[in-house]
Novice: 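Dumping the structure here so I can ask a few things about it.
A note on names: the letters A, B, ... follow the listed sequences, proteins ahead of strands, and every chain is numbered from 1.
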Amino acid sequence: MSRRFPPGAMSRRILERKIQDRYRAGHIGTDDALNLFDELIQVAGPSSVRAINCLLTVVGRDCPALGVSLFNRVARAKVPPHNITYGILVDCCCRAGRMDLGHPAMGHVIKLGFTAEAIVNFSHLLKAICAEKKTSYAMDIVLWIMPEFNCVPNIFSYNILFKGLCNERRSQEALELINIMVEDGRGCCRPDVVTYNTVIDGLLKEGEVGKAYSLFCEMPQRGISPDDVTWNSIISGMCKVHAMDKAEDVLEQMLDRGILPDVATYNSLIHGYYSLGQCEEVDRIFKEMSRNGVQPDIVTYSIQMDYLCKSGRCTEARKIFDSMISLGQKPTVTTYNILLHGYAMERSFYDMNCLIELMDDNGISPDHYGYNILISAYAKEETVVILRKTVTSRKVWLAWYMNDYLCFIYMPDYYFFNKLSLMPFALLSLLY
DNA sequence: TTAGGGTTAG
């Protein structure tokens with residue numbers, strides 16, 4: 001009787017199955033995935049590609065650069081990568097800030113003849129190109145290069161372009177593109193609810209409230225029903241320009257259509273009323289939330305803390321912060337920044353330093369908002385003298401004396417600022 | 001393996 005599998009093949013199949021089952025159940029962490037990858041790659045064969053895709057997805061999600069290096073090991077093993085494997089690779093290259101590797105990876109997909117099925121791979125590439133504020137180039141890819149390779153752009157491709165245009169403050173062009181697509185749209189590439197939501201949000205962020213509202217009103221005529229995201233965007237836009245009556249009108253319309261407000265809806269209203277100093281209205285919204293069974297979330301508490309800090313009531317804000325933690329809510333970097341800004345306004349340097357230590361203990365790194373708050377606060381002290389700036393391998397230490405006290409700021413994200421032109425405003429004014 | 005909304009600094 002002949003054996004069905006060569007020696008070792010059965011244990012390899014068992015390992016592959018185990019990996020895929022655990023991946024589907026969401027039971028693989030990054031460290032786990034690395035160990036399983038080491039185990040599998042030693043015995044891997046052509047059948048291992050699905051399990052390898054699962055492991056690359058888990059590792060790449062957390063650490064895209066590591067995902068790229070694992071792919072190199074796959075390429076050296078006798079496992080022909082699948083189109084999906086290349087998709088994960090393109091995504092990892094782009095998210096690791098290695099567009100110089102992302103383009104060749106995509107070129108490889110084309111060379112191997114995967115182009116017709118490479119639609120998702122193109123989406124990763126388009127997203128990364130748009131993130132670099134090169135949406136015009138991404139548009140050339142969608143309109144000319146993809147059809148050239150028989151890869152028909154889908155609504156995902158177009159919606160990535162719409163988001164890119166809006167992020168470049170080119171919402172008017174996005175609006176015109178919607179109209180062109182409506183006039184001669186074909187098949188799957190008619191604008192959908194996500195397209196409208198993206199452009200409505202872009203117009204609102206550029207202060208074009210009237211145009212955003214008109215587009216919102218045109219949706220039903222064009223056969224697209226607004227969803228919860230659409231309603232929330234319009235309500236948030238109205239709240240940001242302090243048109244609270246209009247926001248309440250839109251909320252009524254939303255309820256009439258049977259769509260229930262969620263925590264994001266209430267957060268917009270609470271923020272709007274706090275900005276106007278109308279605390280009685282805030283209390284009313286909180287009661288309404290509670291009546292409708294909607295629980296406040298981290299953003300609700302952050303908005304409340306921000307109001308208290310800006311009113312010189314940091315102690316009360318801190319009580320909310322501490323009670324939030326005791327209830328098991330994890331503060332985000334924004335929550336810390338709000339409190340940090342409150343302490344900075346009070347010039348409470350001791351509290352600021354303690355909070356930074358707490359962030360560190362909880363594994364949260366300050367972002368460019370946080371650094372600006374810190375540096376601006378210290379820079380306002382007349383006795384600040386920059387003592388030393390050390391730049392080593394993408395890391396920056398700043399040290400200075402303030403009131404005979406040696407202060408440090410460690411900037412692990414220097415490369416990030418440099419890359420995205422997000423070097424903190426206050427830091428620039430100190431260094432140059 | 002791909003797209004959209006609510007909070008923070010100067």
Novice: At their closest point, which heavy atom of Val68(A) faces which heavy atom of Leu101(A), and how far apart are they?
Specialist: CG1-CD1, 4.3 Å
Novice: Under 4.0 Å, counting only non-hydrogen atoms across every strand here, what does Ile84(A) touch: a base, just sugar-phosphate, or nothing?
Specialist: base
Novice: Report the nucleotide, chosen from dT8(B), dT2(B), dT1(B), that has the shortest atom-to-atom distance to any side-chain atom of Thr57(A).
Specialist: dT1(B)
Novice: Between Glu248(A) and Arg284(A) (salt bridge meaning N to carboxylate O under 4.0 Å), is one present in this structure?
Specialist: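 Salt bridge: yes.
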Novice: Could you check whether Lys205(A) pairs with Asp201(A) (Lys NZ or Arg NE/NH1/NH2 to Asp/Glu carboxylate O, under 4.0 Å)?
Specialist: yes
Novice: Mind checking Val263(A) for me? I need base, sugar-phosphate or nothing, with any heavy atom below 4.0 Å counting as a touch.
Specialist: base
Novice: Grab the CG-P distance between Leu269(A) and dT7(B) for me, whole Å please.
Specialist: 12 Å
Novice: Mind checking if Asn53(A) touches a base, just sugar-phosphate, or nothing, with heavy atoms under 4.0 Å?
Specialist: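 Here Asn53(A) touches no strand at all.
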Novice: Under 4.0 Å between any heavy atoms, over every strand shown, what does Ser268(A) touch: base, sugar-phosphate, or nothing? Just pick one.
Specialist: sugar-phosphate
Novice: Closest to the Ser123(A) side chain: dT2(B), dA3(B), dA9(B)?
Specialist: dT2(B)
Novice: Looking at Lys240(A), I'd like to know whether one of its side-chain N or O atoms comes within less than 4.0 Å of OP1 or OP2 on dT7(B).
Specialist: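 Yes, within the criterion.
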Novice: With a 4.0 Å cut-off on heavy atoms, is Tyr23(A) in touch with a base, just the backbone sugar-phosphate, or nothing at all?
Specialist: sugar-phosphate
Novice: Tell me what Asn83(A) touches on the nucleic acid: a base, only sugar-phosphate, or nothing, going by heavy atoms under 4.0 Å.
Specialist: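 No contact.
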Novice: Separation of Leu340(A) atom CG from dG10(B) atom P, in whole Å?
Specialist: 11 Å
Novice: Strictly below 4.0 Å: does Lys163(A) bring a side-chain N or O up to OP1 or OP2 of dT2(B)?
Specialist: no
Novice: Rounded to the nearest angstrom, tell me the gap between atom CD in Gln20(A) and atom P in dT1(B).
Specialist: 12 Å
Novice: Arg24(A) has an atom CZ; how far is it from atom P of dT1(B), in whole Å?
Specialist: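 Going from Arg24(A) (CZ) to dT1(B) (P), I get 10 Å.
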Novice: In whole angstroms, how far is the P atom of dG6(B) from the CE atom of Met289(A)?
Specialist: 16 Å
Novice: Could you tell me how far apart Tyr301(A) (OH) and dT7(B) (C1') are, to the nearest whole angstrom?
Specialist: 14 Å
Novice: When we call it a touch if two heavy atoms are under 4.0 Å apart, what does Asp91(A) touch: a base, just sugar-phosphate, or nothing?
Specialist: nothing
Novice: Please determine, for the side chain of Phe156(A), which listed nucleotide (dT7(B), dA3(B), dT1(B)) has the closest atom?
Specialist: dA3(B)
Novice: Out of dA3(B), dT8(B), dG6(B), which nucleotide sits closest to the side chain of Val194(A)?
Specialist: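 Nearest nucleotide to the side chain: dA3(B).
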Novice: More than 12 non-hydrogen atoms from neighbouring residues, nucleotides or ligands closer than 6.0 Å to CZ on Arg17(A), yes or no?
Specialist: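 Not buried by this count: 12 neighbours or fewer within 6.0 Å.
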Novice: Checking all strands, does His124(A) fall into the base, sugar-phosphate, or nothing category for heavy-atom contacts under 4.0 angstrom?
Specialist: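 Result for His124(A) = base.
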Novice: For Met146(A) and Ile119(A), what are the C-alpha separation, side-chain angles and deciding distance, and is it a side-chain contact (heavy atoms from CB on, under 4.5 Å)?
Specialist: CA-CA 9 Å; Met146(A) 288 173 70; Ile119(A) 187 76; 3.6 Å; yes
Novice: Looking at Asp351(A) and Arg318(A), does any basic side-chain N land under 4.0 Å from a carboxylate oxygen?
Specialist: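 Arg318(A) and Asp351(A): not salt-bridged.
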Novice: Could you tell me how far apart Ile270(A) (CD1) and dG6(B) (P) are, to the nearest whole angstrom?
Specialist: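 Rounded to whole Å, this separation is 15 Å.
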Novice: Below 3.5 Å, does any donor atom in the side chain of Asp262(A) face an acceptor in the base of dG6(B), or the other way round?
Specialist: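 Check fails, no donor-acceptor contact within cut-off.
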Novice: Does His341(A) place a side-chain N or O at less than 4.0 Å from the phosphate oxygens OP1/OP2 of dG10(B)?
Specialist: yes
Novice: Which whole-number value in Å describes the distance from Lys310(A) NZ to dG10(B) C1'?
Specialist: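 Result: 12 Å.
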